[in-house]
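As structure tokens, the structure follows; a few thoughts come after it.
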Amino acid sequence: MSLEMENLSFAACGNTKAAMSKKAGHEIELMTEVTVVPSCVGRLIELQEQGYAYVRP
């Protein structure tokens, strides 16, 4: 999808990735299109400050 839509990006939480890797006993591989951010909570706050909305089902 990110190849078809230039304003679409995927981010993964670095904290969650580290915890999952520790639990699995090996590094968790992600797709090359994914950007790892230190904390998704922090990233969500940044986006909300830019005017984005966070909708949770």
Subject >> Straight-line distance of Leu30 CG to Thr35 OG1, nearest 0.5 Å >> reply: 10.0 Å
Result block: side-chain N/O donor-acceptor pairs under 3.5 angstrom for residues 36-47, not counting sequence neighbours:
residue, atom, partner, partner atom, Å
Ser39, OG, Val41, N, 3.4
Ser39, OG, Gly42, N, 3.4
Arg43, NH1, Glu46, OE1, 3.2

Original post:
Which residue pairs satisfy the salt bridge (charged side-chain N to carboxylate O under 4.0 Å, His left out) criterion with at least one member in residues 12-26, sequence neighbours excluded?
Top reply: Lys17-Glu27
